[in-house]
J.: 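Handing you this structure, nothing more for now.
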Amino acid sequence: MVAPITMGIKEELIEQLEIQPVFEIPGTGIVIDETTVVSWIVMAVILLLSFILTRNLKVEGEISKRQLLLEMCIEKMQNFFRKIMGPKGDKYMPWLMSVAIYIGACNMVGLFGFKPPTKSMQVTLAMALTSIILVQAAGIKERGLKGHIKSFAKPVAVVLLINLLELIIKPLSLCMRLFGNVIGAFIIMELIKSVVFFKIGVPVVFSLYFDLFDGFLQAYIFVFLTSLYIQEAIED
């Protein structure tokens with residue numbers, strides 16, 4: 001019984017990790033894979049919901065429950081990031097909020113039968129690289145190019161090499177942490193499906209946990225670490 005179960009999990013894991021092509025753009029040779037297509041779907045849904053939820057907002061007078069909920073959520077997120085980055089970090093909040101929503105949405109699309117884009121290393125690596133590029137741009141914007149370069153030798157010159165290595169370590173850690181947690185959650189779910197007797201109820205409960213709670217937790221961790229890196233780059 002152990003061998004068939006193990007082989008089934010192995011085959012399913014390999015299938016989930018493989019990125020299948022969907023279509024090719026005629027005359028260009030550019031192949032669009034399923035990760036890209038699902039990402040487009042996620043972004044389209046987010047844009048549509050943003051349009052619907054932000055219609056007919058009011059500055060004065062009685063506001064709707066929808067607007068009240070939106071303002072409360074945005075205020076909570078702003079306070080969260082402001083405590084980490086300070087007032088200087090306000091200009092980076094829209095990007096951080098957008099990334100948090102995107103990662104959270106990507107992690108929960110498994111509930112609808114799609115393969116989460118965050119199971120692809122190329123997606124998590126691209127997001128990590130954009131985060132670190134933003135961090136470096138923030139440092140240059142606040143300190144100037146010369147001041148930002150000098151910051152790598154602070155507090156003492158001997159840490160210069162370590163700080164330079166962080167340019168590689170930080171995006172790699174962001175990438176591997178997000179990718180590893182998503183894949184780890186998938187493996188645990190496959191193990192639960194293989195050993196539990198209640199094939200319907202128990203897997204559904206754990207699936208809701210990993211796709212919803214754990215998915216949003218990974219989004220929280222990603223933007224939390226990114227905001228910490230931005231705070232380090234813009235601090236005096």
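In this text the structure is predicted, and so the values were computed from the model without any measurement.
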J.: Is there a path from V37 to M108 through hydrophobic residues (I, L, V, M, F, W, Y) whose side chains come within less than 4.5 Å of each other?
T.: yes
J.: Does any N or O in the side chain of E34 come within less than 3.5 Å of the main-chain N or O of Q20, such that one atom is a donor and the other an acceptor?
T.: yes
J.: Do R66 side-chain atoms and L53 backbone N/O form a donor-acceptor pair below 3.5 Å?
T.: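 Yes: the side chain of R66 pairs with the backbone of L53.
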J.: Using salt bridge (charged side-chain N to carboxylate O under 4.0 Å, His left out) as the criterion, list what pairs up with E71, not counting sequence neighbours.
T.: none
J.: Over all heavy atoms of both residues, which pair between I84 and Q231 is shortest? Give the atoms and the distance, please.
T.: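 In terms of heavy atoms, the two residues are closest at O-CG, 3.0 Å.
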J.: Which atom names give the shortest non-hydrogen contact between S227 and F81, and what distance separates them?
T.: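 Looking at all heavy atoms of both residues, the shortest contact is CB-CD2, 4.0 Å.
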J.: Apply the test side-chain contact (heavy atoms from CB on, under 4.5 Å) to residues W95 and T130: give CA-CA distance (whole Å), side-chain angles for both, the deciding distance (0.1 Å), then the verdict.
T.: CA-CA 11 Å; W95 187 87; T130 55; 3.9 Å; yes
J.: Give the minimum heavy-atom separation between V135 and T226, together with the two atoms involved.
T.: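 Closest approach of V135 to T226, heavy atoms only: CG2-O, 4.3 Å.
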J.: Report yes if some heavy atom in the side chain of L48 is under 4.5 Å from a heavy atom in the side chain of V45; otherwise report no.
T.: no
J.: Mind checking side chain to side chain contact (heavy atoms under 4.5 Å, CB included) for K141 and listing every partner two or more places apart, or none if nothing turns up?
T.: K91, Y92
J.: Report the C-alpha distance between T35 and Q122 in whole Å, list the side-chain angles of each, state the deciding distance to 0.1 Å, and finish with yes or no for side-chain contact (heavy atoms from CB on, under 4.5 Å).
T.: CA-CA 9 Å; T35 297; Q122 66 184 24; 4.2 Å; yes
J.: Same cluster for V38 and L125 if Ile/Leu/Val/Met/Phe/Trp/Tyr side chains link at under 4.5 Å?
T.: no
J.: May I ask you to test the M97-Q78 pair for a side-chain heavy-atom distance under 4.5 Å?
T.: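 In short, these two side chains touch, coming nearer than 4.5 Å.
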J.: Does I32 reach the side chain of W40, with side-chain heavy atoms less than 4.5 Å apart?
T.: yes
J.: Check whether more than 12 heavy atoms from other residues, nucleotides or ligands sit under 6.0 Å from atom CZ of F51, and answer yes or no.
T.: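 Not more than 12 within 6.0 Å, no.
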J.: Can you tell me how far the CD1 atom of I234 sits from the CD1 atom of I140, to the nearest 0.5 Å?
T.: 14.0 Å
J.: Would you check, one step at a time, whether the test side-chain contact (heavy atoms from CB on, under 4.5 Å) holds for C175 with F222?
T.: CA-CA 9 Å; C175 168; F222 189 93; over 6 Å; no
J.: Taking side chain as C-beta onward, heavy atoms only, is M77 less than 4.5 Å from M93?
T.: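 No, their side chains stay 4.5 Å or more apart.
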J.: Under 4.5 Å between any side-chain heavy atoms of R177 and L225, yes or no?
T.: yes
J.: Is there a path of hydrophobic side-chain contacts, each under 4.5 Å between heavy atoms, that joins L228 and I221?
T.: yes
J.: Flag the pair F216 / N107 as yes when at least one side-chain heavy-atom distance between them is below 4.5 Å, and no otherwise.
T.: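 The answer is no; the side chains never approach within 4.5 Å.
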J.: Between R143 (side chain only) and A233 (backbone N and O only), is there a donor and an acceptor less than 3.5 Å apart?
T.: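 Pair found, side chain donor or acceptor close to backbone of A233.
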J.: Verify, without hydrogens or angle tests, whether Q218 (side chain) and G104 (backbone) share a donor-acceptor contact under 3.5 angstrom.
T.: no
J.: At what distance, to the nearest 0.5 angstrom, does CD1 of I25 lie from CD1 of I30?
T.: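 The distance works out to 5.0 Å.
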J.: Starting at OG of S131, measure out to CD1 of I230 and round the result to the nearest 0.5 Å.
T.: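 It comes to 7.5 Å.
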J.: Between CG of L165 and CG of L172, what distance do you get to the nearest 0.5 Å?
T.: 12.0 Å
J.: With a 4.5 Å heavy-atom cut-off, do P116 and K119 have their side chains touching?
T.: yes
J.: For the residue pair K170 and Y229, would you count it as a cation-pi contact if the rule is NZ or CZ under 6.0 angstrom from the ring centre and within 45 degrees of the ring axis?
T.: yes
J.: Are L49 and L70 linked, directly or through intermediate hydrophobic residues, by side-chain heavy-atom contacts shorter than 4.5 Å (ILVMFWY only)?
T.: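 Result: no, two separate clusters.
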J.: Answer yes if the side chains of N56 and Q67 hold a donor-acceptor pair under 3.5 Å, and no otherwise.
T.: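 Looking only at side-chain atoms, Q67 and N56 do not form any donor-acceptor pair under 3.5 Å.
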J.: Could you walk me through whether F114 and V42 satisfy the side-chain contact (heavy atoms from CB on, under 4.5 Å) test, starting with their C-alpha distance in whole Å, then the side-chain angles of each, then the deciding distance to 0.1 Å, before giving a yes or no?
T.: CA-CA 10 Å; F114 294 100; V42 170; over 6 Å; no
J.: Rounded to the nearest 0.5 Å, what's the gap from CD on Q136 to CD1 on I133? Could you check?
T.: 9.0 Å
J.: Nearest heavy-atom pair of I46 and A105: which atoms, and what distance?
T.: CD1-CB, 4.1 Å
J.: Which residues satisfy the ring-ring contact (aromatic ring centres under 6.0 Å, His included) test with Y220, sequence neighbours excluded?
T.: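 Only F80, F224 meet the ring-ring contact (aromatic ring centres under 6.0 Å, His included) criterion with Y220.
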J.: What heavy-atom pair brings M43 and Y102 nearest, and what distance separates the two atoms?
T.: CG-CE1, 4.1 Å
J.: For the pair S173 (side chain) and I169 (backbone), establish whether a donor and an acceptor sit closer than 3.5 Å, ignoring hydrogens and angles.
T.: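 Yes; judged by distance alone, with no hydrogens or angles, the pair exists.
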J.: Can you tell me how far CE of M127 sits from CG of L174, rounded to the nearest 0.5 angstrom?
T.: 9.5 Å
J.: Indicate the atoms forming the closest heavy-atom contact of P171 with A128, along with that distance.
T.: O-CB, 3.1 Å
